Amino acid sequence: MFFFTIRRLLASVLVLLVSSFLVFALCAASFDPLEKYYTQNPRPPESFFNNLRETLGLNDNFFVRYWNWLSGVVTGDFGETVNGTPVTEQLWPRLMVTGRMIIGAIVIAILLAIIVGVIGAVRQYKASDYTFTFIAYILIALPTFWFAALLKEYVAGGVNDLFGQQLLYTIGEETPGLSLYASGWELWSDRLGHLVLPTISLAALSFAAWSRFQRAAMLDVLGSDYMRLARAKGLTYRRTVLKHGLRNALIPLTTVVALGVGTLFGGAVITETVFVWHGMGEYLLSNGIDQNDINVVLGWLLVSAVFVVVFNLVADLLYAVLDPRIRLS
Amino acid sequence: MATTQTTTGPVVPATPGTPEGGPVEREFTVKARSQRQQIVGRFLHNKVGMTGAVIFVLLLAFGFLGPLVTGVDYADQDSGFQSVPPGTAGYLMGSDAIGRDLMAGIMTGVQRSLFIVLLFVAIAFPMGLLVGALAGYFGRWVDSVLMRLVDLILTVPLLVVLIVVASNFPGSRTPLGVGIILGLFGWLDLARIVRSQFLSLREKEYVEAAHAMGASNVRIIFKHLIPNSLGSLIVWTTLAAATAITLEAALTYLGFGVNGANQTSLGRLVSDGVQAASTRPWLFYFPGIALLIIVLSINLIGDGIRDAFDPSNRRVRA
């Protein structure tokens, strides 16, 4: 297990290296950070452009640029944005903001997927199964931002009217400026109020599809011989389903969840846009792509790729925990 | 399949030619059905799948025949009827801020979205099939190289790749361009599915038999392996088509999708409508519901097909 983990980590580092190289190539070939100055009127003198190219390192060979970036990253320096501010310092607070949303969404989505999937399988072709199936299909078919707009329109308004005060917020990750003077409970309750809707909409994005996988896996397991054996030995139905069935039916879900984390990270870009969060998504779109800033895009990519790689590793380790027949090494 | 003779009687020496007593099928009361007939039959009896199919056909009729009936062009702007609510003066679903008929817009949007999906499938399907087939059939280093490539592209969230590419080609914000971009990056999961199918299928006896009879690799792939993995191929196509529509909508919402002056798609209508959710709700609800229905129906069809190909996932045999 230990050596397996080490080997997988090494392979992951390799994957990260190559994928960062590919994205670097893609961005370097097409991004021009000076673009916004070309259309300026009056157009800045040529010496200005030459100067900027020199400071941004655009005159260097492509491989030299990549090497400079890479050697910086190894020491924890993600380079500077086109405006000259260090990327590393900006990534961390933004990751915290997005992380609050994503971690909550993953936990909620997994729990809901398991509950709904198991109920759907155990009560197959009953009213509850059909209801859950219907909801899952609707959620899969809805565009996230449309669903989020519905949440903002009805849920936020409804809850706030119900309690007679502003409990849920529709934009931002905290009331602007609050963190400057407030702390502790006051700050975190405010953040919680901002957190609820984005987390729900992000969780809904993944939960529906995952619950379908969980239902299918559970159906497979319920029909297997060892379940019948367990029942024949006198275990209660509830106990067979939860102890024997669920444990085995969780294996496919771990794979799907691990693969889905990447999608979730991408989906967070949309959710952040809808709810005007100043997190990783906004950073990627407005600081990275709009500004033609390679370092920002690569910083974003690296964080998300690390998420994906780590979750895949965790999934592999979980297999061994869930199914003792699987021996890693 | 009828393989055994049920007739008893004196043993007749075998003579070449047609068996006496007419064709064998006459002797059985149950008609033998080919696998294809069984699959089609199962699909036709699948309530979920058929519901999806019917809704999908109705939507197609709405999108393609509707404009012929109403005769209204989405590009027509009427300054006298800006932002009118549904039901006003022939605007059945209302109009937008510059006086375009929303219903005509949705009809055009359905057409454009289907065009995008067709383009997406036409590009992604052959690519995924080719890569997956090569990796699964030849194995060894071909498999390693191709699958590591797929893994690599998978580390980057698809949406981000699409955004980066689309932002580099601002001229591509037409249905044509968006379809091509989606297609170029949408084949990764298909490649994995095809590979896993081929890995198990190539070990089957009939492949060995085909090899022994001197069939070429190309022939084995096209005549034996692809037909036998048809089920997952079709299911992938339907589900990926549904995903493509929502992806296009997401891309457009973020400002990297269909964006031309007289271009539209369901995604564009929806993302435009979101801005007007509280002031002009019809612009928000109708396109969203149209998109919901079309994606939903495609998903239901895909589910029906999956059940038809692989009935093992239900406790009752259909």
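Computation of the quantities below employed the complete heavy-atom set of this structure, encompassing side-chain atoms and omitting hydrogens, waters and symmetry-equivalent molecules. By convention in this document, chain letters (A, B, ...) are assigned in the order of the sequence lines, proteins followed by strands, and residues within each chain are numbered from 1. Bear in mind that the values here come from a model prediction, so they are computed numbers and not experimental data.
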Note to self: Please classify the contact between A/I270 and chain B as side chain, backbone, both or neither, with a heavy-atom cut-off of under 4.5 Å.
What the structure shows: both
Notebook entry, point to check: Do B/R268 and B/R112 touch side chain to side chain, with heavy atoms closer than 4.5 Å?
Noted result: no
Check: Of the backbone (N, CA, C, O) and the side chain (C-beta and beyond), which part of A/L264 lies under 4.5 Å from a heavy atom of chain B, both, or neither?
Finding: neither
Item checked: Polar side chain donor-acceptor pair, A/R212 to A/T133, under 3.5 angstrom -> yes
Next item on the list: Under 4.5 Å, heavy atom to heavy atom: which of residues 287-300 of chain B reach chain A? Give them by number, or say none.
Entry: B/G288, B/I289, B/L291, B/L292, B/V295, B/L296, B/N299, B/L300
Notebook entry, point to check: Is chain B contacted by the side chain of A/V261, its backbone, both, or neither, given a heavy-atom distance below 4.5 Å?
Noted result: neither
Margin query: With chain B as the partner, which of A/L22, A/V274, A/V309, A/V297 has the greatest number of non-hydrogen pairs under 4.5 Å?
Written below: A/V274
Notebook entry, point to check: Taking the side chain as C-beta and beyond, is there a heavy-atom pair between A/I119 and A/F132 under 4.5 Å?
Noted result: yes
Notebook entry, point to check: Under 3.5 Å, side chain of B/R195 to main-chain N/O of B/G136, donor-acceptor pair present?
Noted result: no
Note to self: Go through it in stages, so that I can follow the logic: the residues are A/V116 and A/F207, the test is side-chain contact (heavy atoms from CB on, under 4.5 Å), and I'd like the CA-CA distance, side-chain angles, deciding distance and then a yes or no.
What the structure shows: CA-CA 9 Å; A/V116 168; A/F207 135 75; 3.9 Å; yes
Item checked: Between CE on residue A/M101 and OG on residue A/S201, distance to nearest 0.5 Å -> 7.5 Å
Notebook entry, point to check: Which pairs, with at least one residue in residues 136-153 of chain A and sequence neighbours excluded, count as a side-chain hydrogen bond (donor to acceptor under 3.5 Å, both in side chains)?
Noted result: A/Y137-B/D303
Next item on the list: Could you check if a side-chain atom of B/V150 sits within less than 4.5 angstrom of a side-chain atom of B/L146, using non-hydrogen atoms only?
Entry: no
Note to self: Please classify the contact between B/V270 and chain A as side chain, backbone, both or neither, with a heavy-atom cut-off of under 4.5 Å.
What the structure shows: both
Check: For B/Y285, does the OH atom have more than 12 heavy-atom neighbours from other residues, nucleotides or ligands under 6.0 Å away?
Finding: yes
Note to self: Using the rule given for side-chain contact (heavy atoms from CB on, under 4.5 Å), can you reason through B/V178 versus B/F120, listing the C-alpha separation, both sets of side-chain angles and the distance that settles it, and then say yes or no?
What the structure shows: CA-CA 9 Å; B/V178 172; B/F120 161 76; over 6 Å; no
Next item on the list: Using distance alone, with no hydrogens and no angle criterion, decide if A/T240 and A/R231 have a side-chain donor and acceptor under 3.5 Å apart.
Entry: no
Checklist line | Side-chain (B/S196) to main-chain (B/I193) donor-acceptor, under 3.5 angstrom | finding: yes
Margin query: Is A/L285 in contact with chain B via its backbone, its side chain, both, or neither, using a 4.5 Å heavy-atom distance?
Written below: side chain
Next item on the list: Select all residues of residues 236-253 of chain B having any heavy atom within less than 4.5 Å of some heavy atom of chain A, and report them by number, or 'none'.
Entry: B/T246, B/A249, B/A250, B/Y253
Notebook entry, point to check: Does any heavy atom of chain A fall under 4.5 Å from the side chain of B/F256, the backbone, both, or neither of them?
Noted result: side chain
Check: Taking A/F265, A/F147, A/Y154 one by one, which has the highest count of heavy-atom pairs under 4.5 Å against chain B?
Finding: A/Y154
Next item on the list: Could you label the plane-to-plane angle of the A/Y66 and A/F21 rings as parallel, tilted or perpendicular, counting under 30° as parallel and over 60° as perpendicular?
Entry: perpendicular
Note to self: Quick test of your reading: applying salt bridge (Lys or Arg N to Asp or Glu O under 4.0 Å), list the pairs with at least one residue in residues 128-137 of chain A, sequence neighbours left out, ordered by first then second residue.
What the structure shows: A/D129-A/R215
Notebook entry, point to check: With only heavy atoms counted, which part of A/V18 is less than 4.5 Å from chain B, the side chain, the backbone, both or neither?
Noted result: both
Check: So which of A/I138, A/I140, A/L16 has the largest heavy-atom pair count under 4.5 angstrom toward chain B?
Finding: A/I138
